[in-house]
Amino acid sequence: MKDIMGIPGTLGGLALRVSQFVCAAGSLAAMLSAYGFSNYSAFCYLVLQMTLQLIWSFILVCIDIHSLKINWDLRSTGNLWKYVIGDWILAIGSLAAASSATAVAILLAIDVEFCRVNPYLSCSRYKVFVILASMAWSFIAASAGSTFWLLVSLSE
């Protein structure tokens, strides 16, 4: 069986998890420092989703570091099901949250020019928040896909 890039317990998997963690943390920092984000439910949902992704990624970073340190193989079917289910649930939720927050950010900045009329809003931070959340989603989608691919290849 070929090694799949980004699977749990490898350096590639650790890099994906660290990237998820950093993007989710940066996204949360940008939004929590922005004024007026709590007035929009899409932004509140994205804060919740990024918090969940931050926690999930941190736990899996710790597991990956431990497995690399003691040379523990995480390729058993029981372990992989936990990774796949958690990754896919968070990936779908992150995609929905990032998409809705992107729509609200575009609406505020471009469509109705609400940001120009109300300069006290932190629209530039909204954009940074959405970009980092979309990057975090892309990393969790990549790790979910690679883990699912490994699970399918093990069951053949």
> Do Leu11 and Ile65 belong to the same hydrophobic cluster, where Ile, Leu, Val, Met, Phe, Trp and Tyr are linked whenever their side-chain heavy atoms lie under 4.5 Å apart, directly or via other members?
Replying inline: yes
> Linking I/L/V/M/F/W/Y whenever their side-chain heavy atoms sit closer than 4.5 Å, directly or via other members, would Val128 and Met31 fall into one cluster?
Replying inline: no
>> Angle between ring planes, Tyr126 versus Phe43, binned at 30° and 60°: parallel, tilted or perpendicular?
In response: tilted
>> Is it the case that atom CG in Asn39 sees more than 12 heavy atoms from other parts of the structure closer than 6.0 Å?
In response: yes
> With distance as the sole test, does Trp137 use its side chain to make a donor-acceptor pair with the main-chain N or O of Ala91 at under 3.5 Å?
Replying inline: yes
> Do Asp87 and Trp56 touch side chain to side chain, with heavy atoms closer than 4.5 Å?
Replying inline: yes
> At their closest point, which heavy atom of Ala98 faces which heavy atom of Leu46, and how far apart are they?
Replying inline: N-CD1, 3.7 Å
> Under a single-linkage definition using a 4.5 Å side-chain heavy-atom cutoff for Ile, Leu, Val, Met, Phe, Trp and Tyr, are Ile92 and Ile140 assigned to the same hydrophobic cluster?
Replying inline: no
>> If the condition is side-chain contact (heavy atoms from CB on, under 4.5 Å), which residues does Thr51 pass it with, not counting sequence neighbours?
In response: Leu28, Val47, Ile55
> Can you name the residues that form a salt bridge (Lys or Arg N to Asp or Glu O under 4.0 Å) with Asp64, not counting sequence neighbours?
Replying inline: none
> Can you tell me how far CG of Leu32 sits from OG of Ser27, rounded to the nearest 0.5 angstrom?
Replying inline: 9.0 Å
> Can you check side-chain contact (heavy atoms from CB on, under 4.5 Å) on Ile63 and Tyr83, steps first, answer last?
Replying inline: CA-CA 11 Å; Ile63 291 172; Tyr83 276 84; 3.3 Å; yes
> Are Val104 and Tyr35 connected in a single hydrophobic cluster, I mean Ile/Leu/Val/Met/Phe/Trp/Tyr linked by side-chain heavy atoms less than 4.5 Å apart?
Replying inline: yes
> Within the distance-only criterion (no hydrogens, no angle test), does the side chain of Ser138 pair as donor or acceptor with the backbone N or O of Met135 below 3.5 angstrom?
Replying inline: yes
> Heavy atoms, side chains only, cut-off 4.5 Å: are Leu80 and Pro8 in contact?
Replying inline: yes
> Linking I/L/V/M/F/W/Y whenever any side-chain heavy atoms sit under 4.5 Å apart, do Ile131 and Phe37 land together?
Replying inline: no
> In Å, rounded to the nearest 0.5 Å, how long is the span from CZ of Arg17 to CD1 of Ile59?
Replying inline: 11.0 Å
> Nearest 0.5 Å, what's the CG-CH2 distance between Leu151 and Trp149?
Replying inline: 12.5 Å
> Do any N or O atoms from the side chain of Ser57 and from the backbone of Leu54 form a donor-acceptor pair under 3.5 angstrom?
Replying inline: no
> So, for Trp88 and Ala144, which heavy atoms are closest and what is the spacing to 0.1 Å?
Replying inline: NE1-O, 3.6 Å
> What distance separates Ser100 OG from Tyr40 OH, expressed to the nearest 0.5 Å?
Replying inline: 14.0 Å
> Just by modelled atom types, is the Ala136 backbone N or O under 3.5 Å from a matching donor or acceptor in the Gln53 side chain?
Replying inline: yes
>> With a 4.5 Å cut-off on side-chain heavy atoms, are Leu16 and Phe21 touching?
In response: no
> Is there side-chain contact between Thr10 and Leu14, with at least one heavy-atom pair below 4.5 Å?
Replying inline: no
>> Quick check on Tyr45: does its OH atom have over 12 non-hydrogen neighbours (other residues, nucleotides or ligands) under 6.0 Å away?
In response: yes
>> Could you measure the distance from the CG atom of Leu107 to the OG1 atom of Thr102? Nearest 0.5 Å is fine.
In response: 12.0 Å
> Is there a side-chain contact between Leu90 and Gln49, using heavy atoms and a 4.5 Å cut-off?
Replying inline: yes
>> What's the separation between atom CD in Gln20 and atom OG in Ser94, rounded to the nearest 0.5 Å?
In response: 8.5 Å
